[in-house]
2 protein chains.
Amino acid sequence: MITTRKTNKRQLILEEAAKLFKQKGFSGTSMRDLAGEVGIEAASMYNHIKSKDEILELICFRVSSTYISQLAEIEATAAPYVEKIKSLIRLHIRLMIEDGAAVSVGNHDWKYLREPALTEFKQARKQYEKGFAALIEQGIAAGEFQPVNVSVALFTILSAVRWVELWYRPGRELSAEELEDNIITMLLTGLEKK
Amino acid sequence: MITTRKTNKRQLILEEAAKLFKQKGFSGTSMRDLAGEVGIEAASMYNHIKSKDEILELICFRVSSTYISQLAEIEATAAPYVEKIKSLIRLHIRLMIEDGAAVSVGNHDWKYLREPALTEFKQARKQYEKGFAALIEQGIAAGEFQPVNVSVALFTILSAVRWVELWYRPGRELSAEELEDNIITMLLTGLEKK
DNA sequence: AATTATAGCAAACGAATGTTTGTTAGTTTG
DNA sequence: CAAACTAACAAACATTCGTTTGCTATAATT
């Protein structure tokens, strides 16, 4: 036990913060709310974190860097573009299920980031979207995908995967894997019977 | 000009409020912010509205009742289920483009509604989702749709249409109608080429 | 013309905000 | 054992919050 003491409490604060931010939004969550959830006084939290803004930054950038590094892994594999896109969809769903609160913060509360973090985060997101879009574009060029507008395809996929956060509860009708399969079917082959 | 005076300013407040709520969230928007946008002092707004909460309620319920009445219209038409779903997708996209700020509030800030408005709003939304889901279910039964999980299909469609709010700017690459066509293609026939 | 209603303002209200300070135990390090 | 560090607290900070009050000028109604 070398650094577990400080690190643990800090981690706990970040976890509870993500939950509260998801539930009540960044502005709607007070440091006293958060402290109550952590089990200490608001003032005591400043022994572990610099500011409320820092909490938001830590959550957002952990999420964005997770996405970016996972995208890089998928890009590096030698697989058909269909499979790469499927992997990305599965990644999004899995992260949403495993780390839903943080992902939700990265989806909604990032707008409360202060400069320069705000610009940095936007750039990271744009970088991710560019990489994702490139895979779609190449998949179209390779004849694996329909010649649909790339931005439309990209954002439809990214959004279609977000509702999991609002809807999915473990032990509900569908398992995580069934959920992934259903969403992938929906996005890749469409609703209509042909 | 009988009641235009009061109604106009009240309407202006609601419009500016929707814009600000979308931009900075309900909690992140102060009455002084809003007043500044309207061009009067915060105190003066209370000549037109009862409270900040009332503003939120008015915006949310105007949106929800719009969706519900439009759904009823579409349900009443005699058309294949494919066409009904297409109409609903077009409705969502069009409302998002024409009244994006309010729709955004109805999508995100409704959670700041106070009881009993909160419960009432949730019920209205659930009612809408039930009606939408029924159309998908009947479409599957009629053999028009793939036998996909209905909830997955419903929420994929509802979410896939939300990103328009974040992305679409009039006079961008795609016209509104092209946008609708592309999203419908994506959702009904899927990304994959077969 | 007299009266009433409307719509604005400045000032103030108590409550809540994020954060700082001073202090105090308990723990780790020299 | 002494010194330094950690992590907690209560109290207070200035600021901002939504809202109320008291008042004034203008507009509408009688």
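Just so it is clear: chains get the letters A, B, ... in the order the sequence lines come, proteins before strands, and each one is counted from 1. Given the structure is predicted, the values throughout are model-derived calculations rather than measurements.
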Between A:L95 and A:V103 the two heavy atoms that sit nearest each other are O-CG2, 3.8 Å
So A:E16 and A:K19, salt bridge (charged side-chain N to carboxylate O under 4.0 Å, His left out) or not? Walk me through it.
CA-CA 5 Å; A:E16 296 301 324; A:K19 284 189 214 166; 3.3 Å; yes
Distance in angstrom units between A:E54 CD and C:dT19 P, rounded
10 Å
Output yes when at least one side-chain N/O atom of A:H48 is less than 4.0 Å from OP1 or OP2 of D:dT6, else no.
no
Is the side chain of B:K84 donor-acceptor paired with the backbone N or O of B:A76 at a distance under 3.5 Å, no angle test?
no
How many Å lie between CG on B:L34 and P on D:dC17, as a whole number?
12 Å
For B:E41 and D:dC17, give me the distance from atom CD to atom P, rounded to whole Å.
14 Å
A:K130: which residues meet the side-chain hydrogen bond (donor to acceptor under 3.5 Å, both in side chains) condition with it, sequence neighbours left out?
none
Partners passing side-chain hydrogen bond (donor to acceptor under 3.5 Å, both in side chains) against A:E115 (at least two apart in sequence or in another chain):
A:T119
Rounded to whole Å, how long is the line connecting atom CD1 of B:I40 with atom C1' of C:dA10?
14 Å
Can you tell me the distance, in whole Å, between the CG atom of A:N47 and the C1' atom of C:dT20?
12 Å
Kindly say if A:K9 contacts the phosphate of D:dT6, meaning a side-chain N or O under 4.0 Å from OP1 or OP2.
no
Return a single string for nucleotides 18-25 of chain D, one symbol per nucleotide in 5' to 3' order, where B is base contact, S is sugar-phosphate-only contact and - is none, cutoff 4.0 angstrom on heavy atoms.
BBB-----
Please report the distance, rounded to the nearest Å, between CE in A:M45 and C1' in D:dA7.
13 Å
Do the rings of B:Y67 and B:H92 sit parallel, tilted or perpendicular, given the 30° and 60° boundaries?
tilted
